[in-house]
2 protein chains.
Amino acid sequence: MEARIEKIKQQLQSQGYKLTPQREATVRVLLENEEDHLSAEDVFMLVKDKAPEIGLATVYRTLELLSEMHVVEKLNFGDGVARYDLRTDSNKHHHHHLICVKCGSMSEILEDWLGPLEERLEKEYGFTVLDHRLDFQGICAKCRAKEAENSTDSSNEPA
Amino acid sequence: MEARIEKIKQQLQSQGYKLTPQREATVRVLLENEEDHLSAEDVFMLVKDKAPEIGLATVYRTLELLSEMHVVEKLNFGDGVARYDLRTDSNKHHHHHLICVKCGSMSEILEDWLGPLEERLEKEYGFTVLDHRLDFQGICAKCRAKEAENSTDSSNEPA
DNA sequence: CTAGTTGCAAATCCTTTGCAAACCT
DNA sequence: AGGTTTGCAAAGGATTTGCAACTAG
């Protein structure tokens with residue numbers, strides 16, 4: 001973990017930016033919550049534990065800076081808040097989301113199923129893919145099970 | 001076109017809603033701009049030509065209503081504004097976007113390349129797919145050509 | 001030192017909401 | 001006539017920005 005912070009520090013400094021305590025605290029929060037998709041507000045809450053005097057604006061500024069430097073990726077699901085993910089490596093972060101419209105849960109498929117499609121885009125459309133986002137909205141296994149037990153079966157064909 | 005409006009009118013009425021002149025004007029704007037992904041503000045501007053007295057709030061309310069009725073689809077790219085697309089049919093609207101990070105242009109691939117993936121999700125994850133969104137970010141053919149002519153070639157490997 | 005950075009509060013942007021008046025069916 | 005819908009303006013939530021004070025390198 002210290003190594004990753006050091007690396008980020010280098011990246012910042014190479015662009016003339018400083019790794020302030022606030023920024024370091026923010027990065028640590030992101031490192032400690034790599035599995036989640038934290039919103040700026042989430043990050044703010046968590047950072048305040050480490051550095052209570054930090055302001056929300058600073059968190060926003062830091063996240064934006066890190067985003068520009070491709071240290072984090074700014075994600076956007078349909079819920080009106082931006083979410084931030086630490087990038088695994090400096091380049092690709094290909095994963096897919098399964099968003100359940102019933103319970104709001106979100107899981108990930110980390111496999112990259114899109115390689116072949118990207119090749120087609122390159123060939124058929126002349127489009128160079130830098131990144132992609134694939135979100136599936138639907139009903140998760142858990143909610144489906146719940147539905148099945150509650151009502152015997154009366155949802156699919158109201159016609 | 002009149003037929004499609006009539007159909008939407010029916011849908012509204014079947015739920016106890018009315019097709020008011022403002023709503024009709026809004027739907028007409030959407031029909032006349034099916035190719036675009038209009039924001040609420042865009043729609044508002046265009047509707048004002050037909051019905052100058054309309055308010056922005058009404059446009060928002062209408063779009064939300066149409067969205068709930070699955071007449072339009074509310075799209076969300078990362079730019080802080082919701083965009084609205086008329087649905088081609090009442091159920092599936094599977095298309096993919098190619099968003100160019102250089103010029104901001106967006107084109108669509110209407111083919112549905114994801115059928116097989118959705119089957120895998122159903123089988124391997126027990127996840128029922130209702131809808132999906134696949135966005136590719138990258139560089140479009142036009143910008144790539146422009147890049148190639150401007151600089152001879154010096155962008156890929158800064159290391 | 002001194003340019004980059006911070007915290008606060010005010011400002012902005014998009015979207016939603018309260019309410020009385022106006023309207024469709 | 002009665003519930004819906006409208007327009008306005010004010011409220012709301014997320015994010016940004018101005019600015020004087022502060023600090024990392």
Side-chain angles (χ1 to χ4, degrees), chain A residues 5-6 8-27 29 37-69 71-84, chain B residues 5-6 8-27 29 37-69 71-84:
Chain A
I5 292 201
E6 190 57 33
I8 291 166
K9 182 176 181 179
Q10 312 276 284
Q11 289 184 68
L12 286 170
Q13 291 181 337
S14 73
Q15 310 279 297
Y17 299 119
K18 296 167 184 170
L19 182 64
T20 63
Q22 291 92 330
R23 286 180 183 166
E24 184 172 333
T26 303
V27 171
V29 162
H37 308 281
L38 303 175
S39 67
E41 197 84 32
D42 294 338
V43 174
F44 177 53
M45 301 296 211
L46 292 166
V47 173
K48 270 210 295 205
D49 293 343
K50 298 182 195 299
E53 77 298 348
I54 200 172
L56 179 56
T58 299
V59 171
Y60 272 104
R61 281 186 283 230
T62 300
L63 290 172
E64 207 213 307
L65 177 62
L66 294 175
S67 184
E68 279 169 18
M69 310 209 42
V71 170
V72 304
E73 185 175 12
K74 189 174 182 177
L75 298 176
N76 198 295
F77 303 102
D79 63 348
V81 265
R83 296 173 181 283
Y84 301 83
Chain B
I5 293 201
E6 190 56 34
I8 290 166
K9 184 176 179 180
Q10 313 276 284
Q11 288 184 70
L12 286 170
Q13 291 180 337
S14 75
Q15 308 281 297
Y17 299 118
K18 297 165 186 172
L19 181 64
T20 63
Q22 290 93 331
R23 287 180 182 165
E24 183 173 335
T26 303
V27 171
V29 162
H37 307 281
L38 302 175
S39 67
E41 198 83 35
D42 294 337
V43 174
F44 177 53
M45 301 296 211
L46 292 166
V47 173
K48 270 211 295 203
D49 293 344
K50 298 182 194 299
E53 76 297 348
I54 200 172
L56 179 55
T58 299
V59 171
Y60 271 104
R61 282 188 281 229
T62 300
L63 291 172
E64 207 213 307
L65 176 62
L66 294 175
S67 184
E68 278 169 16
M69 310 211 42
V71 170
V72 304
E73 187 175 12
K74 189 173 181 177
L75 299 176
N76 199 295
F77 303 101
D79 63 349
V81 266
R83 293 171 184 285
Y84 301 83

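Heavy atoms only: backbone and side chains are in, while hydrogens, waters and symmetry mates are out. First the proteins, then the strands, lettered A, B, ... as listed; each starts at 1.
Positionally, the nearest nucleotide of DNA chain C for Leu56(A) lies more toward the 5' end than for the other of Leu56(A) and Gly80(B).
Two residues are said to be in side-chain contact when any heavy atoms from C-beta on lie closer than 4.5 Å; Lys50(B) and Val29(B) meet this criterion. Side-chain contact between Leu12(A) and Lys18(A): absent, with no pair of heavy atoms (C-beta onward) separated by less than 4.5 Å. Between Glu6(A) and Lys9(A) there is a side-chain heavy-atom pair separated by less than 4.5 Å.
Regarding contacts with the backbone of dT5(C), every side-chain N or O of Thr20(A) stays at 4.0 angstrom or more from both OP1 and OP2. Checking the phosphate oxygens (OP1, OP2) of dG4(C), no side-chain nitrogen or oxygen of Tyr17(A) falls inside 4.0 Å. Applying the 4.0 Å criterion to OP1 and OP2 of dC24(C), one finds that Gln22(B) has every side-chain N and O outside that range. Listed pair Gln13(B) / dC24(C) fails the phosphate criterion, with no side-chain N or O lying under 4.0 Å from OP1 or OP2. Side-chain N/O atoms of Tyr60(A) include one lying less than 4.0 angstrom from OP1 or OP2 on dT15(D).
The line from CG of Leu66(A) to CD of Gln11(A) is 9.0 Å long, rounded to the nearest 0.5 Å.
Protein atom CD of Glu24(B) is 21 Å distant from nucleotide atom P of dT4(D), rounded to whole Å. The separation between Leu38(B) atom CG and dT15(C) atom P is 13 Å, rounded to whole Å. Summarising the geometry, the separation between CG on Leu19(A) and P on dT23(D) is reported as 16 Å, rounded to the nearest angstrom. The nearest whole Å value for the distance from the CZ atom in Arg83(B) to the C1' atom in dC13(C) is 14 Å. Taking atom CG on Leu65(A) and atom C1' on dT15(D), their separation rounds to 16 Å, with Å as the unit. At whole-Å resolution of the value, NZ in Lys18(A) and C1' in dT23(D) are 7 Å apart. The distance from atom CG of Leu12(A) to atom P of dG25(D) is 10 Å, rounded to the nearest whole Å. Taking atom NZ of residue Lys48(B) and atom P of nucleotide dG7(D), one finds them 11 Å apart after rounding to whole Å.
In this structure, of dT16(C), dT17(C), dT16(D), it is dT16(C) that holds the atom nearest to the side chain of Lys74(B). For Thr58(A), the listed nucleotide lying nearest its side chain is dG7(C); candidates were dC24(C), dG7(C), dT15(D). Closest to the Arg61(B) side chain, of the nucleotides dT15(C), dT6(D), dA9(D), is dT6(D).
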Should Thr20(B) and Thr62(B) be marked as a side chain to side chain contact (heavy atoms under 4.5 Å, CB included) after you check the CA-CA gap, both sets of side-chain angles, and the distance that decides it? CA-CA 10 Å; Thr20(B) 63; Thr62(B) 300; over 6 Å; no
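Contact annotation for Arg23(A): backbone-only contact, meaning every heavy-atom pair under 4.0 Å involves sugar-phosphate atoms and none involves a base. Nucleic acid contact for Glu53(A): sugar-phosphate only, since backbone atoms but no base atoms lie under 4.0 Å from a heavy atom of the residue.
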